[in-house]
Structure formats: C-alpha cells, structure tokens
Amino acid sequence: CETAIPITCGSSTSGSTQFAQADGPPECGTDISAPGIWYTFTGVAGTVILSTCAEHGYDTKLNVYTGVCDDVECVNGNDDGAYGCYPGSEVIIDADQAATYYVLVQGYDGAVGDFTLDMVCAPCPPPTDIVVTPADVLAYLSWTPGNPDGTFTVEYGAAGFTPGTGTVITGTVGVDGPPVIIPGLDMSAVYDAYLTETCPGGEEGYRRGPINFTTLDEPLPENAFCGGAVSLSCGQEASGDTQLGVLAEAPECGSANITMPGLWYTFTGNGEDVTLSTCNSAEFDTKISVWSGTCADLVCEAGVDDAAGCGGNTSAVTIATTEGTVYFALVHGYDGNGPFTISMTCAPACTPAVTNDDCATAQIIQPQLIGACIPTQGTNIC
C-alpha cells in the first residue's frame, strides 16, 4: 500500500499480480483471497467507476479503501462486475475530494495474472440494478435510476453491435421508464442493450452495458401479465412455469419482494379464508404475493417467501377475504425460476377475529412501573 501507484480520472493502467505478495487489509465488499497490487488517487469528488472489465487475463477482485495504509477503512469492493464484465470487477463510489483512496487489485481463490485498471470520473451516478426480462418478440428493461429527474437513452441491437449503430429509445425517468419495453425483436435471438442517463446539468452520464439477453422461442402465456391473470376457485389447481414469466412492476408486498419473473392468477373473495400454495410443488424457491384492487392500482394484502412444512423453500399464504373483492396473486421466485403448481383452498373464516390484526386498530400499551408490570395478552391465531 505504501508504494501504491497514482491513477487519475480517465486513466487506463496495465498491471500484473503475477509476482505480487499477499496483502493483509480487512475484507471489503469481497474477501482478500489472492496476492494483489495497489493504486491510489486523491482530490477527486463525485462518482468514480473503477474497473478491470475491459481487459482481464484472470478472475480479478477490487477493494477500495480510504484512510492511511496501516489503518485503511473499507469503502467498497467487488468480485465479478455486471453487464459483460465477468470475470473482471467493477466498483462505483461517491468520492470525497479531501480523501485519499487506495485500490487493491487482487484475484479470486488465489488467481494471479495481467489486467488493465480503468478509472472513470462520471458527472453523476449511473443507473444500477439493471435487469432485462426477455419475452418472445420484445423485452422489458428495468433499473434503479441514478438520476430520478433526468432522461434516459436505451440502445439495443444484435449481440456484439457497436454502440452508436443500434436502435435507440429515449424518455424521461419516472415518466417513460423504468420499465421500458424493447419492441420488434426476433424470437430465440441474442441481443445486447446499453443504458445511459443524463445528469442534472444535462451532461450525458456513464453508459451501462452491454446487458446481454436472449428472447424466448415461444410466445408468452397470457398470465405473464396481470391483465391476463388465470382465474382460480376453491379446490382448484393450476400449473405454470415462471421461466415464461415477466419481471413484474408491482408494489412491494410483505416479505415477497419481486426479484424474478412470475405468473399471475386472480380470484374473487367469498368471505372465507383462502390459502394459495405452491407447497412441495416446485423445485425452486417460490414466493407468493397477493394484492386487491386493479392491475393499475394494486393494494398489498399479503406476501410470503417460504412456509413452515413446505420443502425446498416453497410457499403458502392464507388471507381473510372480503366477499366480492377481486384479488390478484403473483407466483415468482427468490433467486430462480421453473415449473410449479398453485392450489387454492377455502375454509370458513377463523374465529374469533383478532381486533388488532391491522395497524389501524392497534392495541394501546402503557409503560408500567418496574416490578409491577401486568403482561398484555395476545394471540396470532386467526
């Protein structure tokens, strides 16, 4: 660390860890698992992207610290960057002009070799969490904006196309996307997409990509979308495959946050307790989310990831329904997808009803004197 080589904005620095010695800094974003060499920079403010994505002769890791060499503090680290970077690495930080940063380039599981370290100083934060969900002749691009008040440009084309020669979609963040529909694709074809946002001052931000994806070789089922939800009734089962689903843009609901494509189902409440279950009927970790309302205005009712007694982290959820209310359910996965069977069973409403089952009817509790506490009784049955 004491002999770290200075790097600057816009620099591309070639290096090799072939004859490097082992280092002992603390774990930072990823563990220290191979000999590495050091770089440093200071006097830089704002978004900095450090990467070995462009040229990597081995499986690299990056760790970024600040402070002084004999007492560094972790800033961020990465093993395997996204969007075609693997097995290179990429770290994005918000740099402080007064701070000195130290960058350790090392490797996975003892690996050493040649690399090029690029340092880009971007005018604003880039978009993150970019996901493309392909359908048959279109795809859905979603992301977390780095500049919520900016505009965006999506460029796409056949895999390997040169940026500047593809098809372009533009729009305003939060109005026209995310998500963005990429239309006019061929079935069973491989594509690349790039995403760029403009900065608050109107400058073009850091371009992300290529995001590689392959379109499906068959049309999507109707219930890949909320508007085509398959109807369920008491005692009925339905089969599906989330590999043919779409990453839904729906409100967060319980513990079943949406991270993978899913398929939609719908039913009408009859005043009974309705249980929806994929318990022991899927070979992947399932989630179930349930909303009321309309597809355009979903209201969370319940969401579950895993259920007691259900093998393979499959799920089941029970809700007390209101007669005549329409409900929508999404079956999706934790970190995978595949075929499943969903069942719907109904039972008389549990009694007696719990008065403080909802936040709006929360029971009031009062602080009491030490040694004279009277316990507050409760039940989560029903």
Side-chain angles (χ1 to χ4, degrees), residues 129 142 144-145 148 174 178-179 223 225-227 229-236 247-260 262-279 285-310 313-334 342-370 372-382:
D129 306 319
S142 61
T144 299
N223 66 327
F225 308 95
C226 180
V230 170
S231 294
L232 293 174
S233 58
C234 297
Q236 186 180 0
L247 189 68
E249 293 289 328
E252 185 174 320
C253 194
S255 60
N257 53 308
I258 300 170
T259 56
M260 298 296 293
L263 295 178
W264 290 88
Y265 298 87
T266 186
F267 63 94
T268 300
N270 57 6
E272 295 187 312
D273 288 350
V274 169
T275 298
L276 300 173
S277 173
T278 58
C279 192
D285 185 344
T286 62
K287 297 181 181 180
I288 303 174
S289 304
V290 184
W291 298 269
S292 57
T294 65
C295 288
D297 187 20
L298 296 169
V299 178
C300 174
E301 295 290 338
V304 65
D305 175 19
D306 308 336
C310 295
N313 296 320
T314 48
S315 302
V317 61
T318 300
I319 64 169
T321 66
T322 300
E323 188 169 0
T325 295
V326 176
Y327 298 88
F328 295 92
L330 179 70
V331 178
H332 48 121
Y334 170 70
I342 183 172
S343 63
M344 174 174 164
T345 56
C346 303
C350 188
T351 57
V354 180
T355 56
N356 58 333
D357 193 30
D358 294 303
C359 180
T361 55
Q363 180 178 347
I364 296 174
I365 55 176
Q366 298 289 350
Q368 300 179 52
L369 295 175
I370 294 174
C373 290
I374 301 173
T376 299
Q377 303 297 323
T379 178
N380 57 17
I381 299 173
C382 301

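Computed from a predicted structure; not experimentally measured.
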Side chain to side chain donor-acceptor pair (under 3.5 Å) against [X], all qualifying residues, sequence neighbours excluded:
X	result
T286	T278, S315
T259	none
T268	none

By side-chain contact (heavy atoms from CB on, under 4.5 Å) - contacts of [X] (at least two apart):
X	result
P179	S142, E249
M260	N337
S343	E237, S277
A250	I258, W264, W291, L298

Passes side-chain contact (heavy atoms from CB on, under 4.5 Å), L276 versus Y265? Steps please. CA-CA 10 Å; L276 300 173; Y265 298 87; over 6 Å; no
D273 side, atom CG; T351 side, atom OG1 - distance, nearest 0.5 Å: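 Atom-to-atom, D273:CG and T351:OG1 are 9.5 Å apart.
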Taking atom CD1 of I342 and atom CG of L263, what is their separation to the nearest 0.5 Å?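 Between atom CD1 of I342 and atom CG of L263 there are 9.5 Å.
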Could you report the tightest heavy-atom contact between [X] and [Y], atom names first, then the distance?
X	Y	result
K287	Y334	CE-CA, 3.7 Å
C253	A302	SG-O, 3.3 Å
C279	G309	SG-O, 4.0 Å

Determine all donor-acceptor pairs shorter than 3.5 Å in which one atom belongs to a side chain in residues 352-364; sequence neighbours excluded.
| unit_1 | atom_1 | unit_2 | atom_2 | d |
| --- | --- | --- | --- | --- |
| T361 | OG1 | T355 | O | 2.6 |
| T361 | OG1 | D358 | O | 3.1 |

Atom pairs and distances, donor-acceptor, side-chain atoms in residues 318-330, under 3.5 Å, two or more places apart:
| unit_1 | atom_1 | unit_2 | atom_2 | d |
| --- | --- | --- | --- | --- |
| T318 | OG1 | T275 | OG1 | 2.7 |
| T321 | OG1 | N270 | N | 3.3 |
| T321 | OG1 | G271 | N | 3.1 |
| T321 | OG1 | E272 | N | 3.3 |
| T321 | OG1 | E272 | O | 2.7 |
| Y327 | OH | T322 | N | 2.9 |

If a pair satisfies side chain to side chain donor-acceptor pair (under 3.5 Å) and one of its residues is in residues 295-307, list it, with sequence neighbours excluded.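 Residue pairs with at least one partner in residues 295-307: S292-E301.
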Should V274 and L232 count as side-chain neighbours, where that means a heavy-atom distance under 4.5 Å?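 Not touching, per the 4.5 Å side-chain cut-off.
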